[in-house]
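Shown next, in structure tokens, is the structure this report addresses.
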Amino acid sequence: MAGGKRVTVVGSGNWGSAIAKIIGSNVTKFDQFQDEVKMWVFEEMVEGKKLTEIINTTHVNVKYLPDHKLPENVVAVPDLVEAAKDADILVFVVPHQFLHRTLKTLEGKVKPDVIGLSLIKGFHLKPEGGIELLSHIIEDILKIKCSVLMGANLAPEVAAEKFCETTIGCRSPGNEQMLKDLIQTSYFRVMVVSDANAVELCGALKNIVACGAGFVDGLGYGNNTKAAVIRLGLMEMIKFAEVFYPGSLLATFFESCGVADLTTTCYGGRNRRISEAFVKTGKTIEVLEKEMLNGQCAQGPETAREVYVMLEREKSLEKFPLFVAIHRICIGELPPTGMIDCIREHPEHL
Ligand SMILES: NC(=O)C1=CN([C@@H]2O[C@H](COP(=O)(O)OP(=O)(O)OC[C@H]3O[C@@H](n4cnc5c(N)ncnc54)[C@H](O)[C@@H]3O)[C@@H](O)[C@H]2O)C=CC1
Ligand SMILES: O=C(CO)COP(=O)(O)O
């Protein structure tokens, strides 16, 4: 409708496309939003045709979400600035490796009062070795407020409209209901909390633990072992928040972004799948990503590296043995069986 907020989705991968499907449908239900949703697509050729043209004619992202139709009001735009410059709401959903350069392209080119919502899981590794929450990087570079959305939301299941929950950590007081209207459906239920830092920490850190779950699967251990990895991983996630983000609430770990996302990713996610194959095949993570994910990205190994570099700098490696072992296994410094030694000797048991 005229005068309503314009929404742009920055990203069009597996999750980017699934959330564009939801947003494209929801905006038409409320006068507060314009009916057209722009989706920035990192242009590539698929079977000789531009992906944007394929999406705009077939309404299917044939590469990243092939089995689902996007609403026709979702328009694929190859030019990032063109897609974002008039937006009142920017939904960020690129793999975290690409966020910084995406933001640099947008710097100074978005509306000053735009409301940001980041669905991206990972950290920004600063040149001096510290880490930053991605939503804070968005806020710093674009000079806007950025909320976060994280949850137990494997994109193929969300796109298939299988019931799930999610958590919004809101940093734009007064806009909670508007964000909920944008995202919630009968099968995708939203809880809004104000503890945005912890929501984002959960989303980033659980991808590291998911690699650990994949390693024990690859080694042929059973469900009890995986449950131990999940539990010890959760303990390290909570400790990480306590030590580095004081003021984070324990209750946030019991929202969908916490235990629920940790559980679904350790059973059904790409990070788990890649990590299991890493153990079984002996191939590197990079090779497996290329062979198994068709352009999608696993965020866990890179996040494990970011956290490792930061912990080393903070002289805190020994406080987070599971995160550290997972990074060392990913880079080939430890054999995968080191995962079992790590959980056997974990300080939680002393
Ligand atoms: N896929 C899932 O089930 C879920 C993913 N997430 C998170 O959402 C974020 C985005 O993930 P997905 O949408 O699944 O992406 P994806 O893993 O499907 O990645 C592919 C996307 O990366 C883009 N890309 C490739 N090179 C690029 C470049 N140089 N610059 C910018 N973009 C480039 C591709 O065009 C494509 O859109 C990640 O942080 C992920 O952890 C969160 C919840 C669920
Ligand atoms: O974040 C996710 C589910 O909420 C997706 O996890 P993977 O990236 O491991 O598939």
Side-chain angles (χ1 to χ4, degrees), residues 9-22 39-46 50-52 54-55 61-66 76-78 80 83 91-106 117-124 133-135 138 148-160 162 164-167 183 188 199-200 202-214 255-276 285 289-290 292-304 306:
V9 178
V10 178
S12 55
N14 193 226
W15 185 217
S17 303
I19 205 70
K21 175 173 178 274
I22 287 179
M39 177 171 77
W40 174 56
V41 174
F42 180 77
E43 190 69 283
E44 62 186 289
M45 301 301 283
V46 179
K50 288 183 176 166
L51 183 56
T52 47
I54 298 175
I55 294 173
N61 187 339
V62 290
K63 176 144 183 203
Y64 296 106
L65 193 67
V77 179
L80 175 57
V91 177
F92 294 93
V93 58
V94 292
H96 87 278
Q97 296 85 335
F98 308 127
L99 178 65
H100 193 258
R101 69 184 90 150
T102 303
L103 294 173
K104 287 312 240 180
T105 308
L106 289 178
L117 180 66
S118 173
L119 279 54
I120 308 174
K121 296 173 177 173
F123 292 105
H124 175 72
L133 294 177
L134 299 172
S135 61
I138 294 170
V148 297
L149 179 150
M150 310 276 145
N153 305 144
L154 297 169
E157 294 182 19
V158 177
K162 294 180 176 167
C164 67
E165 300 178 308
T166 201
T167 314
I183 300 291
F188 193 65
V199 172
E200 191 168 355
C202 285
L205 295 171
K206 65 88 194 173
N207 279 337
I208 306 179
V209 183
C211 294
E255 296 288 345
S256 179
C257 62
V259 279
D261 196 7
L262 180 61
T263 308
T264 200
T265 314
C266 286
Y267 281 90
R270 299 168 298 185
N271 287 292
R272 188 217 68 81
R273 195 147 49 92
I274 287 281
S275 303
E276 178 184 33
I285 300 277
E289 240 183 336
K290 283 205 179 71
M292 297 171 66
L293 294 188
N294 189 32
Q296 295 182 35
C297 303
Q299 313 276 280
E302 182 59 14
T303 307
E306 290 150 3

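Note that ligands are numbered from 1 as they come in the structure, with each ligand's atoms numbered from 1 the same way.
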Tell me the contacting part of [X] for ligand 1: side chain, backbone, both, or neither, using a 4.0 Å heavy-atom threshold, strictly below.
X	value
V41	neither
W40	side chain
M150	neither
N14	both

May I ask whether [X] has any heavy atom positioned less than 4.0 angstrom from an atom of ligand 2?
X	result
K121	yes
C297	no
K206	yes

Looking only at protein heavy atoms, which one is nearest to atom 5 (C) of ligand 1, and what is the separation?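 So the nearest neighbour among protein heavy atoms is W15 CB, 3.4 Å.
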For ligand 1, is there an N or O atom under 3.5 Å from any N or O atom of [X]?
X	answer
A155	yes
P156	no
I120	no

Show your working on side-chain contact (heavy atoms from CB on, under 4.5 Å) between V10 and M39 and close with a plain yes or no. CA-CA 6 Å; V10 178; M39 177 171 77; over 6 Å; no
For ligand 2, which atoms sit closer than 4.0 Å to a heavy atom of [X]?
X	value
T265	3 (C), 6 (O), 9 (O)
D261	3 (C), 4 (O)
N271	7 (P), 8 (O), 9 (O)
N153	3 (C), 4 (O)

Ignoring hydrogens, just give me the one of R270, Q296, K63 whose non-hydrogen atom is nearest atom 1 (N) of ligand 1.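 That would be R270.
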I'd like to know if E44 contacts ligand 1, where contact means a heavy-atom distance under 4.0 Å to any ligand atom.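 Yes, E44 has heavy atoms under 4.0 Å from ligand 1.
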